[in-house]
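Here the structure is laid out as structure tokens; the discussion comes afterwards.
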Amino acid sequence: MIVEAESYERDDPACHAHVGLTERTAPLFGPPGHAYVYRSYGVHACLNFVCEPEGSAAAVLIRALEPRWGVGEMRRRREREGKRELCSGPGKLTEALGIGLAMNRAPLDEAPFDLRGRENGWRDVGVESCPRIGITRATELPWRFCATDSEYLSRPVPG
DNA sequence: TAGGCGATGGTCT
DNA sequence: GACCATCGCCTAC
């Protein structure tokens with residue numbers, strides 16, 4: 001279950017697409033409903049959902065999940081036991097889910113992805129916004145969105 | 001709980 | 001050659 005995400009868009013200096021259309025940023029300018037997977041700090045893969053109509057270049061970075069299904073497989077991939085250490089960060093969750101750079105540009109409504117809407121018990125969960133994490137530009141924008149009181153965030157909501 | 005830091009490699013200037 | 005949308009391990013308190 002997605003409990004933390006951040007939004008990025010073209011006019012936002014922290015967004016990869018801010019530099020314009022390049023080979024790397026092309027997926028951001030592509031059709032919505034597709035994955036944008038990039039390598040972070042030379043080490044990790046990070047997953048984004050491309051949003052907005054083709055040509056707009058906006059995306060949502062998936063930053064944390066509450067593990068609910070396939071927890072055993074996540075533990076094997078992560079080589080960690082603690083449930084809170086499996087998906088509490090953008091690099092962690094891609095490792096736990098087996099998402100790599102090969103899935104860049106892949107459609108989110110086809111296998112191996114299987115996205116589902118909120119289920120009972122999650123329809124009324126609150127969402128808080130605060131500044132985004134790990135960026136140096138446009139730090140004033142409150143575009144980090146977290147499920148209220150979730151124990152599975154990458155970091156607590158400040159305040 | 002917070003801060004420092006090395007690993008690591010593609011992208012862009 | 002600089003810059004990172006990070007992680008895990010370490011210290012200090």
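Lettering follows sequence order; numbering is per chain, from 1.
- Taking CZ of A:Arg105 as the start and CG of A:Leu28 as the end, the distance is 9.5 Å to the nearest 0.5 Å.
- Pairs of residues two or more places apart, or lying in two chains, never qualify as ring pair (Phe, Tyr, Trp, His ring centres under 6.0 Å) while including a residue from residues 127-159 of chain A.
- Considering only heavy atoms from C-beta on, A:Glu52 stays 4.5 Å or farther from A:Glu9 through its side chain.
- Between the A:Thr22 side chain and the A:Thr25 main chain, a donor and an acceptor come within less than 3.5 Å of each other.
- Of all heavy-atom pairs spanning A:Cys46 and A:Ser40, the tightest one is SG-CB, 3.7 Å.
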Do nucleotides 4-13 of chain B as a string where each nucleotide becomes B, S or -: B if the base has a protein heavy atom under 4.0 Å, S if just the sugar-phosphate does, - if no protein is that close. ----BB-SS-
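- Shown here are the side-chain contact (heavy atoms from CB on, under 4.5 Å) partners of A:Cys146, two or more places apart in sequence or in another chain: A:Glu4, A:Arg144, A:Leu153, A:Val157.
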Under the 3.5 Å Watson-Crick or G-U criterion, the dot-bracket string of DNA chain C, with | for inter-strand pairs: ||||.|||||||.
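- Side chains of A:Arg123 and A:Asn120 form a contact here, defined as non-hydrogen atoms less than 4.5 Å apart.
- A donor-acceptor pair is defined here as one N or O able to donate and one able to accept, closer than 3.5 Å; no such pair exists between the side chain of A:Thr139 and the backbone of A:Thr136.
- Between chain A and DNA chain C, the heavy-atom contact criterion of under 4.0 Å yields a 5' to 3' nucleotide range of C:dC4 to C:dC9.
- Residues of residues 69-94 of chain A that place a heavy atom closer than 4.0 Å to DNA chain B do not occur.
- With a 4.5 Å cut-off on side-chain heavy atoms, A:Lys92 and A:Cys87 do not count as touching.
- In terms of modelled atom types and a separation under 3.5 Å, the side chain of A:Glu66 and the main chain of A:Val3 share no donor-acceptor contact.
- Atom CZ of A:Arg77 has more than 12 neighbouring heavy atoms from other residues, nucleotides or ligands inside a 6.0 Å radius.
- Annotation for A:Asn104 and A:Ala35: closest pair OD1-O, 3.7 Å, computed over non-hydrogen atoms.
- Residue A:Val43 is found outside any hydrophobic cluster, as its side-chain heavy atoms come under 4.5 Å of no other Ile, Leu, Val, Met, Phe, Trp or Tyr.
- Applying a 4.0 Å cut-off to non-hydrogen atoms, the residues of residues 57-66 of chain A that approach DNA chain C are A:Leu61, A:Arg63, listed by residue number.
- Apart from A:Leu65 itself, the hydrophobic cluster it occupies contains A:Ile2, A:Val37, A:Leu47, A:Phe49, A:Val60, A:Ile62, A:Val71, A:Met74, A:Leu86, A:Leu93, A:Leu97, A:Ile99, A:Leu101, A:Met103, A:Leu108, A:Phe113, A:Leu115, where clustering links Ile, Leu, Val, Met, Phe, Trp and Tyr at side-chain heavy-atom distances under 4.5 Å.
- Considering only residues two or more places apart in sequence or on other chains, A:Glu119 meets the salt bridge (charged side-chain N to carboxylate O under 4.0 Å, His left out) condition with A:Arg68.
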Using salt bridge (Lys or Arg N to Asp or Glu O under 4.0 Å), reason through A:Arg78 and A:Glu85 one step at a time and then give a plain yes or no. CA-CA 8 Å; A:Arg78 291 274 297 139; A:Glu85 305 169 63; 5.8 Å; no
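- When the ring pair (Phe, Tyr, Trp, His ring centres under 6.0 Å) test is applied to A:Tyr8, no partner is found at least two apart in sequence or on another chain.
- Interface residues of residues 133-155 of chain A facing DNA chain C, ordered by number: A:Gly134, A:Ile135, A:Thr136, A:Arg137; criterion, heavy-atom separation under 4.0 Å.
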